[in-house]
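Report on one structure; see the data block that follows.
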Amino acid sequence: MGTISINGKSIETDEEGYLTNIGDWDRDIAGELAKSENIDMTESHWEVVDFLREYYQEYQIAPAVRVLTKAIGKKLGPEKGNSKYLYELFPYGPAKQACKIAGLPKPTGCI
Amino acid sequence: MLHTVNKSPFEKNSLETCFAHAKEGSAILLIEDGVYAAIQGSVFSDKVKQAMSTCTVYALEGDLKARGVAGKVIDGIQLVDYAGFVDLACQHDKVTAWL
Amino acid sequence: MSEEMMEGGGTIKKFCYINRKAPYGTVYALESLEVVLIGAAFEQDVSLVFVDDGVFQITKGQDTAGIEQKNFSPTYRALEMYDVEKLYVEREALEARGLSEEDLIVDVQVMSAAEIRDLLEEQDVVLSF
C-alpha cells in the first residue's frame with residue numbers, strides 16, 4: 001500500500017503504485033503518476049492513456065501488451081500499433097506504465 | 001418462519017430441502033446464487049410455483065440484477081432490497097438459512 | 001507480460017477450459033477467466049466450454065452495482081482479441097435454466113452434451129473450474 005499526494009489530497013495506491021480505486025483517477029493524478037514513472041506526457045502519451053481508459057471502460061480489463069498493440073493499430077493506424085512506437089513512449093513497457101498512468105490495475109498476466 | 005436459500009438449485013439441493021421443510025405460510029427468500037431459482041422457464045420453475053401456493057417467495061433484487069436475470073423472474077415472486085431483507089428477518093420469529 | 005514468453009517456439013497444444021460455476025457466489029469463474037487471459041500469452045489452441053451453472057457466467061445485462069462486486073462479464077467480449085475464439089455452450093445446460101443463445105453476451109457455438117464429450121476427447125489438456 002502506498003499513497004500519492006496531489007492538490008493536498010492523498011490518493012491510495014498498491015505497493016507498485018497502481019491506483020487502488022480506478023474511480024479516483026483524473027488528469028492531474030495521471031500527470032503525477034507519469035512523473036513518478038519519469039514520463040513527460042505529450043499528446044501521443046495522452047492518446048494511449050485515453051485509449052486505455054476507453055478499453056477498460058468497455059472490457060473491465062487492462063489489456064496485455066500484445067492485445068494493446070493490436071487494438072491501437074486497429075483504432076489509430078499501424079504507425080502507432082507497433083511495439084517500437086509504444087516502447088518509445090513508455091520505455092518500461094507500454095502496458096505496465098501506460099496502464100498505471102491511466103489509473104488501471106496492472107494488466108492480467110503481467111509479471 | 002423465514003427461510004433463506006443462497007445456493008443455485010442446479011448445483012445443490014438446498015432449495016428442494018428448504019421446500020420440503022418449510023411449513024405453510026412461511027416466507028422463503030432467495031439470495032446470492034439462490035436467485036437462479038427465480039428464473040421463469042427453468043426445470044425448477046414448476047417446483048417454485050408449487051411452493052408459492054403455500055409460501056411467499058421473495059428474491060433479493062441486487063443479486064438478480066448482478067446475475068443478469070432480473071428480467072426473467074417468475075410472476076408472483078416478490079423482489080426485495082437489503083432493507084426488505086432486514087424487514088423480513090424482523091417480521092419472523094425465526095430464520096433458517098439453507099446453505 | 002514479457003514478450004520473451006512467446007518466443008519459445010514450442011508445439012501448440014489443445015487446451016480446454018471447462019466452466020461449471022455461476023459467476024458471483026464463488027470465485028471459480030473469475031479465476032478461470034484470469035487463467036485463460038494469462039494462458040493466452042502462450043499462444044496455444046484454446047477452447048472454453050460452458051456447462052452447468054457456467055452458462056450463467058456469460059448472461060447479458062449483468063449489473064453488479066447492488067452487490068459491490070466487479071462485473072467481469074464484459075471481459076468475455078475481450079477474449080477474441082486474445083485469440084480465444086472457440087466458445088462452446090451446452091444446449092442442455094441452457095435449456096434447463098430457461099436460457100437461450102440470445103441471452104448471452106458473446107457469440108458462442110451451442111453444442112449438445114454428446115458433441116462436447118467428443119470435443120473433450122480431442123483435447124491435450126483439460127482444465128476444470
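Letters A, B, ... mirror the listed sequences (proteins, then strands); counts begin at 1.
- By number of non-hydrogen pairs under 4.5 angstrom with chain B, the leading residue of Ala93(C), Gly25(C), Gly61(C) is Gly25(C).
- At a 4.5 Å heavy-atom cutoff, Ile105(C) makes no contact with chain B through either its backbone or its side chain.
- Geometrically, Arg97(C) engages Phe10(B) in a cation-pi contact defined by less than 6.0 Å to the ring centre and at most 45° from the axis.
- The number of heavy-atom neighbours closer than 6.0 Å to OH of Tyr88(C), taken from other residues, nucleotides and ligands shown, is above 12.
- Both the backbone and the side chain of Glu11(B) have a heavy atom closer than 4.5 Å to some heavy atom of chain C.
- Residue Asp63(B) holds its CG atom at 11.0 Å from OH of Tyr24(C), rounded to the nearest 0.5 Å.
- Residue Glu122(C) places its CD atom among more than 12 non-hydrogen atoms of other residues, nucleotides or ligands, all under 6.0 Å distant.
- With values rounded to the nearest 0.5 angstrom, Lys7(B) atom NZ is found 12.5 Å from Asp53(C) atom CG.
- Expressed to the nearest 0.5 Å, how far CZ of Arg67(B) lies from CG of Asn71(C) amounts to 11.5 Å.
- In this structure, OG on Ser8(B) lies 10.0 Å from NZ on Lys21(C), to the nearest 0.5 angstrom.
- For the atom pair CG of Asp63(C) and CG of Leu64(B), the computed distance is 11.5 Å after rounding to the nearest 0.5 Å.
- Shown here is Glu24(B), whose CD atom has no more than 12 heavy atoms of other residues, nucleotides or ligands within 6.0 Å.
- Within a 6.0 Å sphere centred on CD of Glu80(C), heavy atoms belonging to other residues, nucleotides or ligands number 12 at most.
- Here Lys72(B) pairs with Asp103(C) in a salt bridge; the nearest charged N to carboxylate O distance falls below 4.0 Å.
- A 6.0 Å sphere centred on CG of Asp107(C) holds no more than 12 heavy atoms belonging to other residues, nucleotides or ligands.
- Residue-environment remark: NZ (Lys70(C)) exceeds the threshold of 12 foreign heavy atoms within 6.0 Å.
- Among Gly71(B), Gly62(B), Ala66(B), the residue making the largest number of heavy-atom pairs under 4.5 Å with chain C is Ala66(B).
- Heavy-atom contacts from other residues, nucleotides or ligands closer than 6.0 Å to CD of Gln50(B) number 12 or fewer.
- The shortest heavy-atom contact between Ala22(C) and Tyr36(B) is CB-CE1, 3.4 Å.
- Heavy-atom pairs under 4.5 Å with chain B were tallied for Ile67(C), Thr64(C), Asp52(C); the largest tally goes to Ile67(C).
- Of the atoms belonging to Gln57(C), not a single heavy atom falls under 4.5 Å from chain B.
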